[in-house]
Every structure is written in C-alpha cells, then in structure tokens.
Number of protein chains: 2
Amino acid sequence: MADDRAKKLLAALRDVLSPQHLLVGDDEMAAYLVDWRGQTRGVALCVARPATANEAAAVVRACAECGTPIVPQGGNTSLCGGATPDAVRRAVVLSTARMNRIRGIDRATNAIIAEAGCTLAAVQQAALSADRLFPLGLGSEGSCQIGGAVSTNAGGTAVLRYGNVRDLVLGLEIVLPDGEVWNGLRTLRKDNTGYDLKQLFIGAEGTLGLVTAAALKLFPRPRTRAFAWIGVASAERAVGLLGFAQERFDAALTAFELLSDNQVELAVGHLPGVRYPLEARCPWHVLLELSAARQDAVPEGDLVAALAEAAEEGRTADATIAQNEAQIEGFWRIRHAVSDANLAHGMSVTLDIAVPTSEVAGFLEDADAEVARRFSGAEVLIVAHLGDGNIHYIVQYAWDRWKALPDPQTVRSEIFARINDLAMAHRGTFSAEHGIGQKLKGEMARYRSPVELRMMRAVKDALDPRGLMNPGKLLPD
Amino acid sequence: MADDRAKKLLAALRDVLSPQHLLVGDDEMAAYLVDWRGQTRGVALCVARPATANEAAAVVRACAECGTPIVPQGGNTSLCGGATPDAVRRAVVLSTARMNRIRGIDRATNAIIAEAGCTLAAVQQAALSADRLFPLGLGSEGSCQIGGAVSTNAGGTAVLRYGNVRDLVLGLEIVLPDGEVWNGLRTLRKDNTGYDLKQLFIGAEGTLGLVTAAALKLFPRPRTRAFAWIGVASAERAVGLLGFAQERFDAALTAFELLSDNQVELAVGHLPGVRYPLEARCPWHVLLELSAARQDAVPEGDLVAALAEAAEEGRTADATIAQNEAQIEGFWRIRHAVSDANLAHGMSVTLDIAVPTSEVAGFLEDADAEVARRFSGAEVLIVAHLGDGNIHYIVQYAWDRWKALPDPQTVRSEIFARINDLAMAHRGTFSAEHGIGQKLKGEMARYRSPVELRMMRAVKDALDPRGLMNPGKLLPD
C-alpha cells in the first residue's frame, strides 16, 4: 500500500478511535502479530480496538474506502493461524476484545446475547448466574472469545450432547465488508424466511464479515452428574461401548472420550500425586459422563447397573466410577493435562481428523500401520472425542529423536499427508474442529473437489467481492 | 420460449427419459401443476421424472443449455406454493418421486442416506427397521418427500427435542443449476473445512440447486413415553409451565403443545366418540410428552410427581395422565384433528408465526385485541408448538359469515398484515416453519431489511446466475 493511502487510512481511523485503542508502534502491536503458539507471524499497518459494533463498522468502512484488508482477531487462540495477519499484506488487525458486553439474557426463551469479545468463560458464567447452562467447553475457554468460537464453529467436549457452535447460534450481528451492519440477532428457534444467512458466517473464519455479537442458546443447568473411567480391550470395543451407552442413556450421555494407554500414562506422569485410574493396565480408556436435569435423579445408580451389564457382556475390561464431584474433577484433570504432558515429552504432530463412527477402528488400524511403516521411532497417541468420530491423532517423537531427524519439516508434512489421506479414504475429514486458517489451505486444495471450491469461491466473491476480509485464510490461493 | 427451443429441449430430454417419465400431455401433467390445496396453479412445458441423480443432472443440463427454468417438486405438499410452477414461465417441472431409494443405513454412525423422493414415512420406517429413530414428524409425512423437507427446513412436533431438518442433515447431494453434481453426502458430526455449503441448500426451496439425496442423523429409539393433557389458566401460565418442565426434564421433554379451549372443543367435536379430555373446562390446554431411551426407566412416575408439584404451586388447573399407549395415541389424535375440524367449521386464515418464548403471552394479548377491534365476527383459535415459540394463529370465520363479507380477500390480506406486524413487533418472524414459496414474497419485501435481501440476492446470483432454479419463489421480485 502506498504510504499516502496508509496515512489517509490512519487519519480516518483516528477519527473513530482514541490513540490508546489504535496501536501503531511495533512494541504495542507485537502480541497481535503472532499466534499464541508462536508459529505464525505477520505484519500490520495498525491494530484497531473498537468498543462497539458501530465503531467496528466505522473501522471497516474506512478500510474499505482505502482498499485495505482487515484481519479480525478475538482471543488469538487459533490452532491454524486463522486470526494472525500474514507477512505480505499490511492489513488492519481488528481486535474484538473491547466489545465484551453481555447485552442480555432471556431466561424464558433460553437465550443470551453476547458481544464478540466476551470470553467463552464469561458467557458460561453469565449463563450460570441466570441458572442456565451454555454448554460449549474448550481448553482455551478462559481466553478465547465468543466471536472467534462462532467464526471457527468450535467443537470441544460437549458436542455429543449439545452440538458444535453452529448448533448453539440463534442469531448474529455482522459488520459486512463494506462496513454496513446486519442485525440478525434473533432469538427464534424457528424462522424459515429465506436463506439462513447466519450460517454463512459461522465457521467462515472472518472471511465474509466480522461477527460483533451473537444470540446463543441456553439450556437447563444439569443438577447432577456421574462419571466412569473405563478400560477396554480395543478401539473397536470402545465403539461398541459407545453404541451401548447411547441406546441406554441417549441425551443423558454428555461425554464419551477415548484415550490410548500411552497417552493416559503420559498425562498421569505429568501430574504430581496422580495415580493410574484403573487397577489393571488396559490398552484403551473411555471417559464416560452422564448428566441429568434433576437433583433427585441418580444417574450414578443407572451407571452402575449399565457397567455391570457391559462387563458381563465382555464389553469392558475394568472400570471405576467417580464417588463424588472432586473425583470427577480429578479424572477430567487427567484428560485436560494431555497437551501439556505431550509438550513436555516430545514433538507432537497432531492431526484433527474425523471419520464416521463405523470407520474409527479401521482408520486407526490403517493409520497405525502407516506410522509403523514410514515413521520409525515415532509413537502414536490417541485423544478422541469418540462420540463425534473426532480423533486427535498424535504422532510423537521424543525431543532428542526429533532433533536428530535430518529434515523434520518434511517428516511433519509427510505425516500430515499420509494420515489425512487415510482419513479421507475412510470417508472422513482433515479438519474436524480446528478449521483451516493459513495452515491447511494446501489440504483444502488437495481434498476438496473442484465443484466445492468453485462454490466456496462464488460465495466469497458474492459477499466480499474485493477480498478484504481476512485474506489468505480458509480458501486455497 | 420460442417453439423451436422448446422442441430442441424436449428432444434432448427424450434422450434422457423414456416417454412414460417425460409427461407432456395436459391430463398427465395436471396433478403437477396445482398445489395440493388447489390454491396455486401454473403451466409447464413438461414434467420430467428422473430415477437417479445422474438422470436428474442430465435433465438440468439440458434445461440450462436452453435457458429453461426448472421447478423441483417432491410430494407437492407445500403450504406456500413453493413446488408449483407459476402461470408465466413454461418451466420444466422436475419430480423427484422416482429417486426413492434408501442408499444405506450406518447404525454405528447413526446415519441414513435417503434419496430425495423417499417419503418421510419411508425414512422413518427404514430407521425403525434398524432399531433407530428418525425424529422428523409432520402431518403430511405419508406423502411429503425428504428432498422437500430438506428444501423447506421442515419443523413439526419434535423440534423441541430434535431440532428442525437443518439440525438433522449431515450431508447433501445436489445437482447445481448448470447440471453438475456436488456429492456432499458426508456422515460426519464435525467437519470444519471451509464454508458449510450444505446449509445454503437447506431451506432454499429449490432456488439454488436440486437436492437429490440427503445424509441424515438417526437417534436411539425411545423405549418408553409418558403423556399428560394439562389444563392451564392462561397462556402466561403455559409459558411458565414450559420452563418448569424444561428444568425438570431437559431432553426427555419431547413435545409441549398448546391449544386454546375453543380449538380443543372443535377438534373433539369433529371426532366421533371422543370426549373432552379434562374433567373441568379450562381456557388453555398443554400436551406434554416425555420419552426415554430405556425400557426400564419409568418417566410416568416422574411425570406424576412433577404434575403434583406443579398443581401445588398453582401452575396447573387440571391434568390427566395417559394410562397406556392407546390413550397417548388417542390424545394425539385430537391434536392432529385440528386441521380437518377447522376446515369443516369455517374459513381459517392461518398464520405461522414465531416469537421468543418470553414474548408469547404479550403477543397473544396484542393480537387478540387487534382481532377483536378490526375483525368482528371472527374467532381466534390457537395451535402452538409452544416449546419452539411457534404459534399457528388462526383467525376463523364461520362459513356463512365469511361468504357474507363484501371483500373477503382484502380481509384475509389485512389479517395477515396486522398479525404479522405484531409478530415482528414482538421480535418474531412471519414464517416459522412453512417457508415463503410464492405466497409470502410480499412479506419478505416488507419485513426483511434491505441489507438482508441484498445478501440473499447476492447468494442467489452467485449460485444460480441465470435464475433458472425455481424462479418466482422465496425472493421478492
């Protein structure tokens, strides 16, 4: 961008934002130009921090007038570099952090309206204060923002019962690429009046417009829960146990996670004073949680009976039922320690694939064989939201082995290509919940059909004809 | 269309379809040119009945080459003339009726792939044969087709628990307006790889492409249910009882319908041998159904306890609990008799509005006052899916009164305008589940903002630039 156009834009932005909310210095911009893991770095003309949708619209309008690209950024917790500017364009980073009001809660309608910059934890807390549940749960919930969660269609551990973010959105407020505001903040459960425009912006990673607020579904707050840590003999048995649990518990089944034994061992070893949760060693571990709306319901009794039946039928190898809330929290702590434990132990190449449930066992068998054949010295760790068919397939090298590899980046790319190829061959996907961002654009070009990419490009051109919204993300070049 | 172009197109279609599946005579086309209620009539060049997606694609391709519009038609049960050709263009009606195979059921994944022409009842039945539930339920389920249900984002009586069709679709196969086939028949619960294109076609009423098959979610089959017919003193009390039931039963609550007393009286009177379901007369009636996955769960016991508590708190005026499945069916028969009963009794102007649950009582008060003020001699009947805030607000004139009106069509339009205005003023919508079709295009222009209509038009132009798919539907002229 020519210098005089940049000056003109900065002058226009100074009319909208006070100096402390229009960052131009390298130091003050630094945190906005790199993703949280330090893998993606970019440049920017400035960082704009509007406090309202109207201010955000004025920022976008000024950018549109100068033809300057905009990179929306929430909590900057993307795992794919989706919210970080690239190193080519001198874009305006638009931080949603100051748009962080809860605009309202409607208990009878079970709806909350939250601005994009509210952290997920703040939305959860606001719901709880109204004796309701906002069920989205993510590792980054303390820092990720709801606008980013909407823009990436976030998943997490409660998808089995409550769905992805797409299933939780009732309405959106959007600043369009020309700076116009679309108020689509309805709180209706049924509305068949033309194309459902909000769907376009959910999961679009900011490439079609800027989410400034969302109307979200709330649910009755579960009053009681029960939890079992279950050992099973194989991934296939785990899939069978999932079907058994779904038939038996239906919507009361709120989590069904699968971990490989080496993953459990790493996580347990990482937490001081924590013991292996089962009596006997088991190759696979299922974490099963039930919850119920009523205080007087006792899902624990049901769980005990179901597990006895499952054991009798040979579905399980071992199981322990949490005796109280503290034990439930303790078991979840092990589950949530896997990222830190893996980071401490070695280099993890983590894939975010999903396959139909019926393909899980076959995929794992093929993928494990492929790793054994091609990537000697690597170990496979499995962390799966099995209820959704979503497998974080982790190929791990101990740090010393990784550093000894002659060309680690090629190994990394090869792992991605081989395992994603297998996921696709098993009718799956190469990005279940993390999105595309900058990281997986090559995979988009490789795995998505020409007709599909053409439709996506047509949608992009229709809504953002000048390509100003988060360029270089999601769509292949 | 010039005659020679029509001839050329018919010749091309004869290469694709045998004569008995390419209807050109007035008699054989007649049933396809009028909606099931006889309110919308149109003309067509021919009716094409392809048996496969490839045949359908060839039909669409031939039409595209000649620039001839296509009107997709499933069971022809639209309430808005969405599947009937108009009287202006000589379009090709593309009937999906012969594309009626169940392509597969995956029990572990809880998914079914059904072709567009499968009736809803056939999909329900296929699911049951695999010991699964496909939860969509509509009055027209014996004749409506799944492609039409997807294209109209159908609702029905189980939305409270299972959502609209949009929530039930995992993937779609689409013939695009140029005749290309997009195979998006994935069966994944999580797939964040670019724009979620299937969302565009759900509820688009065939204006963006032709649905030829759908991958749909299945659920565990409920093993037991309980049902209560409850009398309440006011609509506000009914809303309060809904909140009470949701907190207490959460996902086990599968239906919560509201009927006005005069509507119950009409329905009961229409069914020979059926008695008023409560002991004492009540102004409002709630139909509450619970279901549970396990045979050994006894939701009836829970229901008895909850109703005792509700009665003690003054939430209910009277209640009766169904003693067995036959009684449950009997109660549902009364609910399902309302359309026939109303038709027999008088002229019903039926609105399909929705408002946030917190606005239901206020909306009803305002609307009733408006009817009393402006439409003397009319009676208001209420049939509501209260759990979704969806109210079929029915303004009824006895047949003799209706026929005595000097200008009934103006009265009809006035009712629509006044009641829809009030629904919008209560943050609601003018079409909750029936869609737009030809009938509500004026309302689209009146109630949807310019920015929203502009986006819809941009989407239409992006996917169907020549405007060949179901022209004259959904979007205002």
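Residue numbers begin at 1 in each chain, while the letters A, B, ... track the order of the sequences.
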Inset, instruction - Heavy atoms only: give me the nearest A/Pro135-A/Lys217 pair and the separation to one decimal. - result: CD-O, 4.4 Å
Legend entry - Residue part contacting chain B, namely of A/Arg186, when any heavy atom lies under 4.5 Å: side chain
Legend entry - Contact origin within B/Arg448 toward chain A - heavy atom pairs under 4.5 Å: side chain
Inset, instruction - Could you have a look at A/Thr207, A/Leu242, A/Leu463 and say which one has the most heavy-atom pairs with chain B under 4.5 angstrom? - result: A/Thr207
Legend entry - Proximity breakdown for A/Lys460 and chain B, heavy-atom pairs closer than 4.5 Å: both
Inset, instruction - Tell me yes or no: between the side chains of B/Glu173 and B/Trp182, is some donor less than 3.5 Å from an acceptor? - result: no
Legend entry - Residue pair A/Ser291 / A/Thr224, side-chain heavy-atom distance below 4.5 Å: no
Inset, instruction - Under 4.5 Å, counting heavy-atom pairs only, tell me which of A/Ser431, A/Gly163, A/Gly435 racks up the most with chain B. - result: A/Ser431
Inset, instruction - Under 4.5 Å heavy-atom distance to chain A, tell me which part of B/Val181 shows up: side chain, backbone, both or neither. - result: backbone
Inset, instruction - For each of B/Arg427, B/Glu452, B/Arg189, tally heavy-atom pairs with chain A at distances under 4.5 Å, and name the one with the top tally. - result: B/Glu452
Legend entry - Residue part contacting chain B, namely of A/Asp106, when any heavy atom lies under 4.5 Å: side chain
Legend entry - Euclidean distance, B/Leu303 CG relative to B/Leu253 CG, rounded to 0.5 Å: 10.0 Å
Legend entry - Short N-O contact, A/Lys473 and A/Glu205, less than 4.0 angstrom: no
Legend entry - Region of B/Asp352 that comes under 4.5 Å of a non-hydrogen atom in chain A: neither
Legend entry - Among the listed options B/Thr187, B/Thr357, B/Leu185, B/Asp167, the residue most often paired with chain A at heavy-atom distances under 4.5 Å: B/Thr357
Inset, instruction - Report the relative orientation of the aromatic rings in B/His392 and B/His434; use parallel for angles under 30°, tilted for 30 to 60°, perpendicular for over 60°. - result: parallel
Legend entry - Contacting region of A/Leu176 [heavy-atom separation from chain B under 4.5 Å]: side chain
Inset, instruction - Measure distances from A/Arg107 to the heavy atoms of chain B and classify the residue's part below 4.5 Å as side chain, backbone, both or neither. - result: side chain
Inset, instruction - Give the member of A/Glu433, A/Arg221, A/Gln246 that has the highest number of heavy-atom pairs under 4.5 Å with chain B. - result: A/Glu433
Legend entry - Selection from B/Pro220, B/Ala108, B/Ala432 maximising heavy-atom pairs under 4.5 Å formed with chain A: B/Ala432
Inset, instruction - Check B/Phe430 against B/Ile436 and note the closest heavy-atom contact, atom names and distance. - result: CE1-CD1, 3.7 Å
Legend entry - Under 4.5 Å from a heavy atom of chain A, the part of B/Asp131 involved: side chain
Inset, instruction - Would you mind reporting whether B/Val150 and B/Leu172 have side-chain heavy atoms less than 4.5 Å apart? - result: yes
Inset, instruction - Tell me, for B/Leu475 versus chain A, whether the close heavy atoms (under 4.5 Å) come from the side chain, the backbone, both or neither. - result: side chain
Legend entry - SB check B/Arg248 B/Glu309 (cutoff 4.0 Å): yes
Legend entry - Under 3.5 Å side-chain donor-acceptor pair for B/Thr254 and B/Arg225: no
Inset, instruction - Under 4.5 Å heavy-atom distance to chain B, tell me which part of A/Ile202 shows up: side chain, backbone, both or neither. - result: neither
Legend entry - Side chains of B/Ser358 and A/Thr109, donor plus acceptor under 3.5 Å: yes
Legend entry - Closest non-hydrogen atom pair between B/Leu474 and B/Ala204, with its separation: CD1-O, 3.7 Å
Legend entry - Option passing side chain to side chain contact (heavy atoms under 4.5 Å, CB included) with B/Leu208 (candidates B/Leu197, B/Val459, B/Ile174): B/Val459
Inset, instruction - Tell me, out of B/Ile353, B/Val360, B/Asp191, who's got the most heavy-atom pairs with chain A below 4.5 Å. - result: B/Asp191
Legend entry - Residue selection (most heavy-atom pairs with chain A, distance under 4.5 Å) from B/Gly194, B/Ala251, B/Ala462: B/Gly194
Inset, instruction - Tell me, for A/Met444 versus chain B, whether the close heavy atoms (under 4.5 Å) come from the side chain, the backbone, both or neither. - result: side chain
Inset, instruction - Mind ranking A/Val239, A/Thr429, A/Val159 by heavy-atom pairs under 4.5 Å with chain B and telling me who comes out on top? - result: A/Thr429
Inset, instruction - Examine whether an atom of A/Tyr447 lies under 4.5 Å from a heavy atom of chain B, and if so say whether it belongs to the side chain, the backbone or both; otherwise answer neither. - result: neither
Inset, instruction - Would you check if there is a donor-acceptor pair between the side chains of A/Asn153 and A/Asn164 at a distance under 3.5 Å? - result: no
Legend entry - Pick from A/Gly243, A/Pro356, A/Ala252, A/Gly155 with the largest number of heavy-atom pairs that fall under 4.5 Å of chain B: A/Pro356
Legend entry - A/Leu188, part contacting chain B, at a heavy-atom distance under 4.5 Å: side chain
Inset, instruction - Considering only NZ, NE, NH1 and NH2 on the basic side and carboxylate oxygens on the acidic side, decide whether B/Arg161 and A/Asp250 come within less than 4.0 Å. - result: yes
Legend entry - chain A contact via B/Arg454 - side chain, backbone, both or neither, heavy atoms under 4.5 Å: side chain
Inset, instruction - Using non-hydrogen atoms and a 4.5 Å limit, figure out which bit of A/Arg457 sits close to chain B: side chain, backbone, both or neither. - result: neither
Inset, instruction - Heavy-atom distances under 4.5 Å only: say whether B/Glu180 touches chain A with side chain, backbone, both or neither. - result: side chain
Legend entry - A/Arg132 versus A/Asn110, side-chain donor and acceptor atoms under 3.5 Å: yes
